[in-house]
Amino acid sequence: MQELLSKLVKKNIVITKEGKVADYIPELDKAKKDALGICILDNDGNIYTAGDWETKFTIQSISKIVTLMLAILDNGEEYVFSKVGMEPSGDPFNSIRKLETSSRKKPYNPMINAGAIAVASMIKGKDAREKFNRVLDFFKKVTEDDSLDVNYKIYCGESETGNKNRAMGYFLKNDGIIEGNVEDALEVYFKQCSIEVNAYTLAKLGLFLANNGRTSSGEQIITQKIATIVKTLMVTCGMYDLSGEIAVRVGIPCKSGVGGGIVGVVPGKLGIGVYGPSLDKKGNSIGGIHILEDLSKELKLSIF
Ligand code: GLU
């Protein structure tokens with residue numbers, strides 16, 4: 001396995017030239033375009049790594065699965081999905097247009113920004129600080145990593161430039177999807193996106209879901225039902241508007257973020273974390289997708 005990963009990283013570094021590092025949030029553009037790394041964890045405690053697996057980057061959209069788990073724990077499935085749908089939108093992650101044009105007012109799913117901001121508003125806590133700390137503590141528990149924290153430079157950049165996200169927040173408030181304070185929801189959302197991780201952290205998150213919500217030390221933190229919901233939404237909506245194609249090409253639940261991370265879940269078996277900040281047009285790590293595709297073919301990982 002170790003050898004295979006080194007081979008796949010080497011092979012796919014070439015393709016990183018074809019993508020572009022995200023630059024719409026200040027600081028993200030500092031990432032090294034040809035960085036590429038992977039970490040895989042299994043249930044026997046093995047850890048396989050290659051390339052830039054230790055490099056820190058911000059989790060961005062991958063955080064949407066973390067807050068979704070906590071929001072369902074806090075409010076129950078019925079409430080959460082009364083406010084956010086379960087359907088792929090077919091639009092870019094930051095699109096606002098369907099909020100107005102579709103007859104159903106709720107955002108299409110929790111993986112697009114509008115849905116994730118609505119989900120962030122459901123996290124319990126007296127103010128934004130307490131709500132976000134609960135998200136961070138939950139993420140620490142899931143990954144068994146107490147060192148996780150926010151990259152405050154990126155957070156400030158997110159918050160200062162996040163006008164479209166802000167517009168979506170107020171739109172959602174207007175339509176009754178957000179019931180609480182909009183600015184609190186946005187602060188939680190910008191902060192959750194700015195949590196710093198590496199490919200190992202993502203592999204821990206992936207293994208947690210692969211084991212239906214159980215940590216490596218055996219603590220059941222979410223129900224199997226919640227884990228199933230999250231994994232299913234990762235397949236249908238996790239890779240922006242390329243999710244269908246990724247389901248065909250890779251065939252495992254995945255979620256990507258514009259920081260260059262992808263988390264992959266091989267149910268019952270593996271947690272996979274990938275890092276490669278060079279992105280395709282949809283916002284997915286271009287090298288990351290190719291590594292996952294090769295890996296899936298090589299190890300026959302597709303769940304279909
Ligand atoms: N913070 C980012 C945004 O809302 C997350 C984007 C992403 O990773 O898809 O624009």
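For ligands, and for the atoms within them, numbers begin at 1 and follow the listed sequence.
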Numbered atoms and elements of ligand 1 in range of [X], under 4.0 angstrom, heavy atoms:
X: Tyr240; value: 7 (C), 8 (O), 9 (O)
X: Tyr189; value: 2 (C), 3 (C), 4 (O), 5 (C)
X: Gly257; value: 8 (O)
X: Cys193; value: 1 (N), 5 (C)
X: Asn113; value: 3 (C), 4 (O), 10 (O)
X: Val258; value: 6 (C), 7 (C), 8 (O), 9 (O)
X: Glu158; value: 1 (N), 2 (C)
X: Asn165; value: 3 (C), 4 (O), 10 (O)

Check your understanding: Backbone, side chain, both or neither: what part of Phe190 comes under 4.0 angstrom of ligand 1, heavy atoms only?
Key -> neither
Point to revise | Within reach of ligand 1, part of Ser61 (heavy-atom separation under 4.0 Å) | key: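 The answer is both.
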Check your understanding: What residue among Asp149, Asp145, Thr143 forms side-chain hydrogen bond (donor to acceptor under 3.5 Å, both in side chains) with Ser147?
Key -> Asp145
**Study point:** Qualifying residue, where the test is side-chain hydrogen bond (donor to acceptor under 3.5 Å, both in side chains) with Asn212 and the options are Lys231, Lys225, Gln220
**Key:**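 Result for side-chain hydrogen bond (donor to acceptor under 3.5 Å, both in side chains) with Asn212: Lys231.
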Exercise for review: Check the pair Leu270, Leu207 against side chain to side chain contact (heavy atoms under 4.5 Å, CB included), reporting the backbone distance first and the verdict last.
Suggested key: CA-CA 6 Å; Leu270 306 174; Leu207 192 64; 5.5 Å; no
Consider only side-chain N and O atoms of [X] and [Y], and report whether a donor and an acceptor are under 3.5 Å apart.
X: Ser278; Y: Lys20; result: no
X: Asn198; Y: Glu54; result: no
X: Asn75; Y: Lys124; result: yes
X: Glu144; Y: Ser217; result: yes

Check your understanding: Between Tyr275 and Phe57, what is the ring plane arrangement, given parallel below 30°, perpendicular above 60°, and tilted in between?
Key ->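 Answer is parallel, since the angle falls under 30°.
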Practice item. Write out the residue and atom name of the closest protein heavy atom to atom 2 (C) of ligand 1, then the distance separating them to 0.1 Å. Key: Gln60 OE1, 3.2 Å
Exercise for review: Provide, to 0.1 Å, the distance between atom 6 (C) of ligand 1 and the closest protein heavy atom, together with that atom's residue and name.
Suggested key: Tyr24 OH, 3.3 Å
